[in-house]
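Everything below concerns the one structure shown next.
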Amino acid sequence: MSGLPSSRRVAAPAEDAPPPRPGGIAARALGRGTPDYLEKLNPEQREAVETLDGPVLVLAGAGTGKTRVLTTRIAHILATGRARPYEILAVTFTNKAAREMKNRVGDLIGGVVEGMQWLGTFHSIGARMLRFHAELAGLKSGFTILDTDDQIRLMKQIIQAEGIDEKRWPARQLAGHIDGWKNRGLAPKDVPEGDAHVFADGRGRKLYAAYQDRLRTLNAADFGDLVLEPLNILRAHPDILADYHRRFRYMLVDEYQDTNVAQYLWLRLLAQGRRNICCVGDDDQSIYGWRGAEVDNILRFEKDFPGAKVIRLERNYRSTAHILGAASHLIAHNESRLGKTLFTERADPDATRVAVSSSWDSEEEARAVGEEIEQLQRKGHILNEIAILVRASFQMRAFEDRFVTLGLNYRVIGGPRFYERQEIRDAMAYFRVVAQPADDLAFERIVNLPRRGIGEATMKVLHDRARARRIPLIDAAEDIVETDELAARTRTALRDLLASFERWRAQLAHLRHTELAEIVLDESGYTGMWQADRSAEAPGRLENLKELIRSMEEFDSMLGFLEHVSLVMDVDAQAGADAVSIMTLHSAKGLEFDTVFLPGWEEGLFPSQRTLDESGRAGLEEERRLAYVGITRARKRAHIRFASNRRMHGLWQTSIPSRFLDELPEAHVDVTEETSTYGGYGMNAYGASRFDSRDPFQNTYSTPGWQRAQKNRSGMSESAMGGYGNFSGPKQSQRYIEGELVAKSTAASSAYARGERVFHQKFGYGRITAIEGNKLTIDFEKAGQKRVLDSFVERH
DNA sequence: TAATAGAAAATTTTT
DNA sequence: TTTTCTATTA
């Protein structure tokens with residue numbers, strides 16, 4: 001997209017412009033009483049569509065027709081002539097959702113919607129805004145968008161430049177902090193003192209500033225900037241904000257529960273104009289807190305937008321009463337929620353309850369699921385309607401292994417996306433250097449790929465020169481090959497490479513970009529490198545490169561393609577053959593299947609111990625929402641499983657059933673006893689009481705198997721674990737306790753102060769360098785810097 | 001500069 | 001256990 005001067009493009013229609021004339025569909029809609037698109041809605045949905053003025057929050061439970069409301073609302077606005085397509089701001093989180101919205105609005109109004117320029121993801125709309133006003137953010141309109149990989153490489157350089165030990169302060173971690181700050185709408189100067197101290201002894205803020213500086217020099221923005229910079233521009237320039245206020249007659253937001261602070265501030269600022277904002281979301285499905293999403297945004301909506309109308313969609317069209325009953329009862333254990341209860345009007349007498357069963361270990365778990373799937377298959381169920389939803393991707397392997405032996409078709413959804421694969425990123429880096437020579441990050445990525453003898457030492461020379469003269473790396477390279485600073489061999493290699501780029505760039509104008517792409521990959525030796533590679537994945541990588549070239553055909557220029565890739569990082573997974581889907585719970589949000597298997601419901605894994613440690617009670621609630629999302633994916637059958645033993649990072653761990661199992665209502669659940677599991681040991685030392693203490697629901701199953709499990713669990717003493725050397729008993733105990741302690745103390749701030757000397761059982765003596773809630777960053781005398789919970793240290 | 005051996009770290013991931 | 005990164009050596 002070319003950046004035109006902003007005023008023209010953004011100029012809103014004059015205030016006194018005549019309202020858009022109702023034509024075609026609109027006339028039909030107005031002329032004949034109720035248009036038929038409204039008649040297909042239930043009363044709540046219809047209210048959500050027809051309440052067009054003022055702020056509206058639609059709390060849409062799972063399977064209650066959320067997308068239908070959103071798309072019908074847009075169609076209604078257009079059909080009644082209240083706004084033109086380009087006067088509607090409609091934001092989603094994924095490209096997929098944006099695409100679907102566009103298509104469905106098109107279906108409703110009978111044709112393709114043209115001109116909805118402001119329908120898209122937060123990031124693509126942010127990028128669009130930022131290109132109009134790039135100079136206000138210190139960028140040029142043609143800025144490049146960096147992805148996570150580029151970000152981390154860049155931060156690595158900055159950390160090195162600052163002379164900070166990379167091992168103690170990994171770039172990844174810094175990237176996480178900076179991302180978090182951007183998510184919260186903070187510029188480097190706004191980062192609170194305490195926050196700045198979590199990284200590199202207080203140099204966090206400085207590094208953030210240096211990173212932003214570097215981005216400006218590279219004329220680049222990262223994903224966070226695509227939201228943060230437009231927000232800053234709107235904050236600083238009331239005239240621009242007013243322009244947008246005039247323009248956006250209606251605003252719609254999908255998945256509002258997933259918005260972060262920056263996105264929220266951006267929306268709020270824009271909504272201050274006409275106040276016609278409609279947010280659709282489900283607080284019970286907020287599962288991206290770890291990525292900066294604030295459930296609070298949705299919980300607070302009525303306060304933020306006084307006079308807001310809240311509409312609840314609770315009529316579920318997806319699942320059986322048993323599934324809804326189980327999910328509703330589970331999620332009712334959360335305290336921070338607005339409260340909804342899903343119900344269904346359909347009665348299906350032969351609906352099955354939610355099944356809970358157990359296995360000895362993950363292999364047996366996979367075997368059992370495999371068998372059940374084969375049974376379903378014999379009964380005529382298709383595999384496309386079956387999904388296995390796991391908490392963490394390492395769980396997938398057992399299923400894949402098993403399904404391969406069974407010859408059962410499966411597909412893994414998620415995982416590294418097409419454009420994130422190494423070979424694709426490498427190829428893209430070549431294209432970037434051809435199209436935008438100043439792209440240092442891309443240049444660095446491929447200078448020595450395939451190996452050309454241009455190693456670390458040479459790069460240092462290039463970097464020094466580039467920095468000294470404030471020129472891009474490639475220009476520095478041009479200079480240096482004219483001198484004798486480099487060994488003859490490396491100089492020749494570098495000169496050849498530069499000449500190649502020169503040649504390709506000359507062809508940019510008169511060759512088709514797909515053809516040029518092939519030439520670049522061939523002549524650079526990149527394709528050859530993979531052809532010579534004898535490893536198992538090489539053929540697949542070559543195939544991916546071909547696919548990349550194929551996908552370029554849809555674009556008319558190299559630049560157009562590069563722009564697309566940076567924002568639309570997904571390629572549709574082709575449906576293909578009948579297959580079982582395996583994916584994480586996170587990637588299952590928004591999908592539905594007849595049958596859903598939910599394996600691995602064990603303490604530590606689900607709820608994830610790490611989440612509990614990091615986010616305490618809030619983390620536990622988010623895990624519970626994840627469980628809720630999992631169950632509500634099922635239309636007809638949900639099978640929950642847990643295993644008594646699981647191998648994690650190569651070590652066997654005994655596990656105990658997830659507390660979420662205790663939170664399911666007996667009336668909707670069938671617990672199956674599987675002989676191999678309750679053989680005597682397997683349960684561990686923790687009393688059932690641990691779950692009961694604050695459980696208002698008092699339900700544990702009366703099934704013999706479950707009762708026995710509970711008994712075993714409480715009857716077993718710590719010493720009884722002693723005989724099983726490779727089951728790490730003590731670790732278990734610590735695990736659980738950590739979770740509880742955190743849960744209790746999250747709200748309160750730590751009792752320790754910075755600079756205090758403390759003692760830790762494992763790490764010895766150290767001094768506190770930073771405090772974040774109940775997490776302390778401590779510089780240990782022997783063990784170096786660690787982050788630990790305050791409950792594990794004592795004053796000294 | 002490149003290959004190799006050894007150590008450290010291992011969720012979830014819309015853009 | 002496996003993968004990924006870093007320090008060492010040829």
Side-chain angles (χ1 to χ4, degrees), chain A residues 91-99 120-127 145-149 151-152 156 165-168 170-173 176 179 182-183 221-227 254-255 257-260 262-263 285-293 362 389-398 413-417 419-420 422 448 450-460 486-487 489-490 493 564-570 583-590 600 604-615 619 622-623 625-626 629-630 646-653:
Chain A
V91 261
T92 63
F93 276 88
T94 64
N95 291 297
K96 193 175 155 207
R99 228 177 298 132
T121 63
F122 274 100
H123 293 87
S124 62
I125 289 175
I145 298 166
L146 302 188
D147 59 27
T148 328
D149 206 77
Q151 265 184 66
I152 290 178
K156 215 173 236 168
D165 181 9
E166 253 191 284
K167 282 192 81 177
R168 253 176 79 179
R172 273 197 97 80
Q173 202 187 322
D179 211 46
K182 289 190 175 179
N183 286 160
D222 64 19
F223 284 128
D225 287 337
L226 296 182
V227 179
D254 190 19
E255 306 276 20
Q257 77 283 352
D258 288 339
T259 50
N260 62 37
Q263 288 160 338
Q285 291 188 66
S286 164
I287 54 175
Y288 284 104
W290 50 275
R291 259 182 133 267
S362 46
L389 311 183
V390 297
R391 171 68 246 258
S393 37
F394 75 83
Q395 292 173 260
M396 293 179 180
R397 223 171 106 181
I413 299 188
R417 279 179 294 279
Y419 288 112
E420 279 170 11
Q422 188 193 324
N448 201 27
R451 295 265 139 91
R452 301 187 172 94
I454 302 169
E456 226 177 297
T458 315
M459 285 315 289
K460 187 167 182 329
L486 298 177
R489 217 167 149 170
T490 38
H564 163 87
V565 170
S566 47
L567 278 175
V568 186
M569 296 287 277
D570 65 341
M583 67 188 99
T584 64
L585 287 160
H586 283 90
S587 39
K589 195 170 81 164
L605 175 60
F606 191 38
S608 145
Q609 191 59 40
R610 189 139 158 197
T611 301
L612 258 37
D613 289 347
E614 277 167 15
S615 317
E622 181 154 313
E623 293 287 303
R625 292 192 289 266
L626 208 42
V629 167
R646 192 172 287 277
R647 198 166 44 185
M648 286 175 107
H649 320 313
L651 281 174
W652 281 100
Q653 306 258 182

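Order of the sequence lines sets the chain letters (A, B, ...), proteins ahead of strands, with each chain counted from 1. Since this is a predicted model, take the numbers as computed values, not measurements.
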Just N and O in the side chain of [X]: are any of them under 4.0 Å from OP1 or OP2 of [N]?
{"X": "A:Thr148", "N": "B:dT15", "answer": "no"}
{"X": "A:Asn95", "N": "B:dT15", "answer": "yes"}
{"X": "A:Asn260", "N": "B:dT15", "answer": "no"}

Would you say the side-chain atoms of A:Gln395 pair up with the backbone N or O of A:Arg391, donor to acceptor, closer than 3.5 Å?
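Answer holds: yes.
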Main chain of A:Ala293, side chain of A:Asp258: is a donor-acceptor contact present, judged purely on distance under 3.5 Å?
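Between the backbone of A:Ala293 and the side chain of A:Asp258 there is no qualifying donor-acceptor contact (under 3.5 Å).
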Between protein and nucleic acid, restricted to nucleotides 4-10 of chain C and to nitrogen or oxygen atoms under 3.5 Å apart, what atom pairs and distances do you find?
none

Closest to the [X] side chain: [options]?
{"X": "A:Ala392", "options": "B:dT11, B:dA2, B:dT15", "value": "B:dT11"}
{"X": "A:Tyr288", "options": "B:dT15, B:dT11, B:dT13", "value": "B:dT13"}
{"X": "A:Thr611", "options": "B:dT15, B:dA2, B:dT11", "value": "B:dT11"}
{"X": "A:Arg391", "options": "B:dT15, C:dT2, B:dT11", "value": "B:dT11"}
{"X": "A:Arg451", "options": "B:dA10, B:dA2, B:dT15", "value": "B:dA2"}
{"X": "A:Thr121", "options": "B:dT13, B:dT11, B:dT15", "value": "B:dT15"}
{"X": "A:Thr584", "options": "B:dT11, B:dT13, B:dT1", "value": "B:dT13"}

Could you tell me whether the side chain of A:Arg647 has a donor or acceptor atom within less than 3.5 Å of a complementary atom in the base of C:dT1?
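Such a pair does not exist between side chain and base.
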May I ask you to verify whether the side chain of A:Arg397 and the base of C:dT2 hold a donor-acceptor pair under 3.5 Å?
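For A:Arg397, whose side chain was compared with the base of C:dT2, there is no donor-acceptor pair (under 3.5 Å).
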Just the rounded figure in Å: distance from [atom2] of [N] to [atom1] of [X].
{"X": "A:Asn183", "N": "B:dT15", "atom1": "CG", "atom2": "C1'", "answer": "11 Å"}
{"X": "A:Met459", "N": "B:dT1", "atom1": "CE", "atom2": "P", "answer": "11 Å"}
{"X": "A:Gln653", "N": "B:dA10", "atom1": "CD", "atom2": "C1'", "answer": "13 Å"}
{"X": "A:Leu651", "N": "C:dT1", "atom1": "CG", "atom2": "P", "answer": "9 Å"}
{"X": "A:Ile454", "N": "B:dA2", "atom1": "CD1", "atom2": "C1'", "answer": "14 Å"}
{"X": "A:Gln609", "N": "B:dA9", "atom1": "CD", "atom2": "C1'", "answer": "18 Å"}
{"X": "A:Ile152", "N": "B:dT15", "atom1": "CD1", "atom2": "C1'", "answer": "15 Å"}
{"X": "A:Gln395", "N": "B:dA10", "atom1": "CD", "atom2": "C1'", "answer": "14 Å"}

Could you say whether the aromatic ring of A:His649 and the base of B:dA9 stack, counting only centre distances under 5.5 Å and plane angles under 30°?
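Stacking between A:His649 and B:dA9: absent.
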Just checking [X]: base, sugar-phosphate only, or nothing, at a heavy-atom cut-off of under 4.0 Å?
{"X": "A:Asp258", "answer": "base"}
{"X": "A:Glu456", "answer": "sugar-phosphate"}
{"X": "A:Gly455", "answer": "sugar-phosphate"}
{"X": "A:Ala457", "answer": "sugar-phosphate"}

Comparing A:Gly453 and A:Ser587 on DNA chain B - which has the more 5′ nearest nucleotide
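Final value for this comparison: A:Gly453.
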Closer to the 5' end of DNA chain B via nearest nucleotide, is it A:Thr458 or A:Leu626?
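Of the two residues, A:Thr458 wins.
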Let me know which of A:Asp179, A:Asp147, A:Asn183 forms a side chain to side chain contact (heavy atoms under 4.5 Å, CB included) with A:Phe223.
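The single option meeting the side chain to side chain contact (heavy atoms under 4.5 Å, CB included) with A:Phe223 is A:Asp147.
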Are [X] and [Y] side-chain neighbours, meaning at least one heavy-atom pair lies under 4.5 Å?
{"X": "A:Leu226", "Y": "A:Leu567", "answer": "yes"}
{"X": "A:Ile287", "Y": "A:Leu585", "answer": "no"}
{"X": "A:Phe93", "Y": "A:His123", "answer": "no"}

Applying ring pair (Phe, Tyr, Trp, His ring centres under 6.0 Å) to A:His586 and A:Tyr288, what does each step give before you reach the verdict?
CA-CA 8 Å; A:His586 283 90; A:Tyr288 284 104; 5.3 Å; yes
Evaluate the criterion side-chain hydrogen bond (donor to acceptor under 3.5 Å, both in side chains) for residue pair A:Asp613 and A:Gln609; output intermediate values, then yes/no.
CA-CA 6 Å; A:Asp613 289 347; A:Gln609 191 59 40; 3.2 Å; yes
Tell me the partner of B:dT13, counting only Watson-Crick (N1-N3 plus N6-O4 or O6-N4) or G-U wobble (N1-O2 and O6-N3) with both under 3.5 Å; none if nothing fits.
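Per the H-bond distance test, none.
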Inter-residue atom distance A:Gln257.CD - A:Arg625.CZ, 0.5 Å rounding
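The CZ atom of A:Arg625 is 9.0 Å from CD of A:Gln257, to the nearest 0.5 Å.
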